[in-house]
Amino acid sequence: MKKSTKIISTALAALTVASTMAVGAVSASAATVKKPTGVKAANTEKAIKISWKKVKGAKKYKVYRGKKVIKTTKKTSVKDFSVTAGKKYSYSVKAVNGKKVSKASKTVKITRVNYTVVKTITNGNKNVTLKWTKRAGANQYLVYRKTTGSYKKVATVASTSYTDKSVVSGTKYSYKLISYNSKTKTKSLYSTVNSITYLDKVANVSARENTAATAVTVKWDAVKGATGYTVYRQKAAEAGFTKVATTTGTSYSDTKVSVNPTAYSYKVVATKNGSASVASDAPVAAFLPKRNGVNSYYRDADNNLHVVLKLKAGEKYAEGKALADYASLDGLYEVKVTEGTDVVTVNDSVITAVKAGKAVVTVTLADSVAKIVSAVGNAGASTAYDKAVSKTVFVEVEVA
């Protein structure tokens, strides 16, 4: 009897050990199916990518969007292509080992935001302006800039444009953007890189007929960093400007002009490596008049009309209606020598050259430039300025 009892006890002990081992095996199996950690969601070009850390013992993973399984994979990342820009999505992941399924990972939320496309990048006056496409789901855009080295964020804006005022002429700037949803802290991919070399606006542009009245000479100041310049011209009554020349210098002689009374306007753009500055200020006009004693006309950067007159010592100038016809303006004028009072004299609107040198006679009145131009014998060009108002005409006298 004692022997039977011992045998039964031994059998029970063995059974207990076996049961314990089985329970341990089940526990070990369950331990290998921990819930995934490090779950992330990010926008890619055409999808949302969900990724996570590898779970020890897991044979595969189930990816949920909301409560619905959208992917089962052996990898540690998937892409969800069935997404719509501007919509919010929630994702979680479960690890699987046979029939064992872990608890769901932490849920991550994301807004589908496509990367934006820069439409234009242009130079302005002391700035560079970018404009881009609005993206659904984005309420902000992050602007990154690089000159040398790595990109640095320079702005966060809610609009679809940005003006960079921290620019130096001759320097190349590269930009890229991220569409961003500040509520869900969701970013898109970077946009493609857009680069431009910033160039200052061309300053002090002048246009003047040469002494032979066969060309107009256009001059301007050099722009830092520019390797070339493009000159544009507009003839009176023409619509828009036409490119007439490119040059590496700071002047251009336009010989393709008419000697008939015609107004020509010019503007200049600085260039480098395919980039261009904003056009120079209000076009400067030069006249090519009939040869009636007046050498030339031109308009300065402040839109003042200049009449250039060449005389010899002892010569008087009253013909061509250069000044005499100002009397028809009912006395609303004043003629006086403002520079070179020993070079010329003015009496009853007649200029007399006294000695060699240069002088300036100013005619101040309250009338239109068109009448002034007409008064000096160039009525054919007067319509170009019939709406411009100038109270002073500068008569530049050169006495040989």
Side-chain angles (χ1 to χ4, degrees), residues 119-131 163 167 169-170 196-210 213-289 296-308 368-370 372-373 378-390:
K119 296 189 293 185
T120 60
I121 178 169
T122 54
N123 281 318
N125 187 15
K126 303 297 182 183
N127 60 66
V128 170
T129 297
L130 297 92
K131 295 182 179 180
T163 298
V167 290
S169 188
I196 192 172
T197 298
Y198 170 71
L199 295 164
D200 282 336
K201 180 171 63 176
V202 180
N204 296 324
V205 180
S206 65
R208 184 166 180 170
E209 178 190 332
N210 66 4
T214 57
V216 174
T217 299
V218 186
K219 294 182 179 180
W220 57 88
D221 290 347
V223 172
K224 180 182 177 181
T227 56
Y229 302 90
T230 303
V231 182
Y232 296 85
R233 185 187 75 183
Q234 182 183 38
K235 189 177 179 180
E238 287 183 345
F241 283 78
T242 302
K243 184 172 75 173
V244 292
T246 56
T247 179
T248 56
T250 54
S251 66
Y252 165 67
S253 181
D254 185 5
T255 59
K256 296 180 180 180
V257 289
S258 170
V259 296
N260 292 320
T262 306
Y264 291 96
S265 300
Y266 297 87
K267 61 182 180 181
V268 184
V269 171
T271 59
K272 181 180 181 181
N273 297 333
S275 297
S277 73
V278 66
S280 57
D281 279 334
V284 180
F287 287 95
L288 293 176
S296 64
Y297 307 90
Y298 73 96
R299 206 170 195 193
D300 62 26
D302 295 321
N303 264 0
N304 294 311
L305 183 65
H306 292 243
V307 176
V308 181
S368 70
V369 175
I372 298 167
V373 175
N378 197 19
S382 65
T383 54
Y385 295 109
D386 59 4
K387 292 183 180 179
V389 175
S390 176

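The basis for the numbers below is simple: all heavy atoms, side chains too, and nothing from hydrogens, waters or symmetry mates. Every value quoted in this text rests on a predicted model; they were computed, and no experiment measured them.
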## Note on the structure
With sequence neighbours left out, the residues meeting side chain to side chain donor-acceptor pair (under 3.5 Å) with N127 are none

### side chain to side chain donor-acceptor pair (under 3.5 Å) partners of Y198, counting only residues at least two apart
D200

### Task
Please identify each residue that fulfils side chain to side chain donor-acceptor pair (under 3.5 Å) with S251, with sequence neighbours left out.
none

### Query
Looking at N125 and V278, what are the two nearest heavy atoms and their distance?
N-CG1, 4.1 Å

### Query
Any side-chain heavy atom of D281 sitting closer than 4.5 Å to one from V205?
no

Less than 3.5 Å apart, which donor and acceptor atoms pair up between the side chains of residues 268-276 and the rest of the protein, not counting sequence neighbours?
unit_1	atom_1	unit_2	atom_2	d
T271	OG1	G228	O	3.1
K272	NZ	G170	O	3.4
S275	OG	T197	N	2.9

#### Entry: Pairs where residues 215-224 contributes a residue and the test salt bridge (Lys or Arg N to Asp or Glu O under 4.0 Å) is met, not counting sequence neighbours
none

### Message
Run the side-chain contact (heavy atoms from CB on, under 4.5 Å) test against T255 and tell me which residues pass, sequence neighbours left out.
### Response
A215, S253

### Task
Just grab all the salt bridge (Lys or Arg N to Asp or Glu O under 4.0 Å) pairs involving residues 243-255, residues at least two apart or on different chains.
R233-D254

#### Entry: S265 versus F241, closest heavy-atom pair with distance
O-CE2, 3.5 Å

### Message
Could you report the tightest heavy-atom contact between Y252 and V244, atom names first, then the distance?
### Response
OH-O, 3.8 Å

### Message
For Y229, give me all partners under ring-ring contact (aromatic ring centres under 6.0 Å, His included), at least two apart in sequence or on another chain.
### Response
W220

### Task
Would you check, one step at a time, whether the test side chain to side chain contact (heavy atoms under 4.5 Å, CB included) holds for I121 with V128?
CA-CA 7 Å; I121 178 169; V128 170; 4.0 Å; yes

### Message
Does any part of the side chain of S277, heavy atoms only, come nearer than 4.5 Å to the side chain of K201, both counted from C-beta?
### Response
no

### Message
Using the side chain to side chain donor-acceptor pair (under 3.5 Å) criterion, which residues pair with T163? Sequence neighbours excluded.
### Response
T129

